[in-house]
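In this text the structure is predicted, and so the values were computed from the model without any measurement. So that the names make sense, note that chain A is the first sequence line, chain B the second, and so on, each numbered from 1.
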Amino acid sequence: DTAVSQTPKYLVTQMGNDKSIKCEQNLGHDTMYWYKQDSKKFLKIMFSYNNKELIINETVPNRFSPKSPDKAHLNLHINSLELGDSAVYFCASSWTEPYYGYTFGSGTRLTVV
Amino acid sequence: KQEVTQIPAALSVPEGENLVLNCSFTDSAIYNLQWFRQDPGKGLTSLLLIQSSQREQTSGRLNASLDKSSGRSTLYIAASQPGDSATYLCAVSNTGTYKYIFGTGTRLKVLA
């Protein structure tokens, strides 16, 4: 049973479209994260939710909107997609104090054409 | 602001060599540090996690050390194998913020 699962694994879409990526964790963690890995493989945090409350919101265009319907799910909606949004998006989860570290999903490769 | 750097950026070694990957961070007020492995096109696999109060952790052929005062961690891989070829990432969480800041990664290739 996958601990942190993301869907879809691959997403190819045209500029200007709106798309969503979904993440679910079955570890019972109370904190979930979205990270973006750019073409140079650098991972940077975008958002974090703790018990459905947004606690980290890095400098991200407001075309990106996270939503956490419950503490096991964190979705990422992206409006008006741009070429520069092409990247791999990783979901992760942990406890509030990550004593046991982070667990990552397998990533969603988004390609905007 | 925490910054994490990894050197070398890339490393190519013959099979069987022992090797050391380095990670340095600028803010020593860390909560813990986690080493990950990423295979091409794949997600992140956790290798070792060191709490701020610990000096080292071991798992099989891997040993990670932590020197908080000097802002450094090393990942030691013994008797390297071609299957160890991957990108190795270190990530640091600071006390209070708990978000992980990632290093730039070391791309390792072990030649058969």
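Looking at T97(B), the atoms closer than 4.5 Å to chain A (heavy atoms on both sides) all sit in the backbone: N, CA, C or O. With a threshold of 4.5 angstrom between heavy atoms, Q6(A) does not approach chain B through any atom at all. Proximity to chain B (any heavy atom under 4.5 Å) is shown, for Y99(A), by both the backbone and the side chain. For T104(B), the parts sitting under 4.5 Å from any heavy atom of chain A are the backbone and the side chain alike. Within the 4.5 angstrom heavy-atom criterion, no atom of L33(B) approaches chain A.
Hydrophobic clustering of Ile, Leu, Val, Met, Phe, Trp and Tyr side chains at less than 4.5 Å, counting indirect connections, keeps I21(A) apart from V113(A). Tracing side-chain contacts under 4.5 Å through hydrophobic residues (I, L, V, M, F, W, Y), one never reaches L108(B) starting from L89(B); they form parts of separate clusters. At a threshold of 4.5 Å between side-chain heavy atoms, the hydrophobic network of Ile, Leu, Val, Met, Phe, Trp and Tyr places L48(B) and Y76(B) in two separate groups.
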Exercise. Using the side chain to side chain contact (heavy atoms under 4.5 Å, CB included) rule, take Q51(B) and Y100(A) through it: C-alpha gap first, then chi angles, then the decisive distance, then the call.
Key: CA-CA 9 Å; Q51(B) 305 301 336; Y100(A) 297 103; 6.0 Å; no

- request: List the steps, then state whether side chain to side chain contact (heavy atoms under 4.5 Å, CB included) holds for K41(A) with R107(B).
  value: CA-CA 10 Å; K41(A) 307 299 182 191; R107(B) 197 167 60 253; over 6 Å; no

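For the pair L43(A) and L44(B), the minimum side-chain heavy-atom distance is below 4.5 Å. For the pair E58(A) and K99(B), the minimum side-chain heavy-atom distance is below 4.5 Å.
In summary, of the residues considered (F36(B), W35(B), F102(B), Y100(B)), a ring pair (Phe, Tyr, Trp, His ring centres under 6.0 Å) with Y102(A) occurs for Y100(B) alone.
The candidate from R109(A), K40(A), E97(A) with the greatest count of non-hydrogen atom pairs under 4.5 Å with chain B is E97(A). Ranked by non-hydrogen atom pairs under 4.5 Å with chain B, the options G105(A), G101(A), P98(A), A92(A) are led by P98(A).
Heavy-atom neighbours of K9(A) NZ from other residues, nucleotides or ligands within 6.0 Å: above the threshold of 12. Residue I7(B) places its CD1 atom among 12 or fewer non-hydrogen atoms of other residues, nucleotides or ligands, all under 6.0 Å distant.
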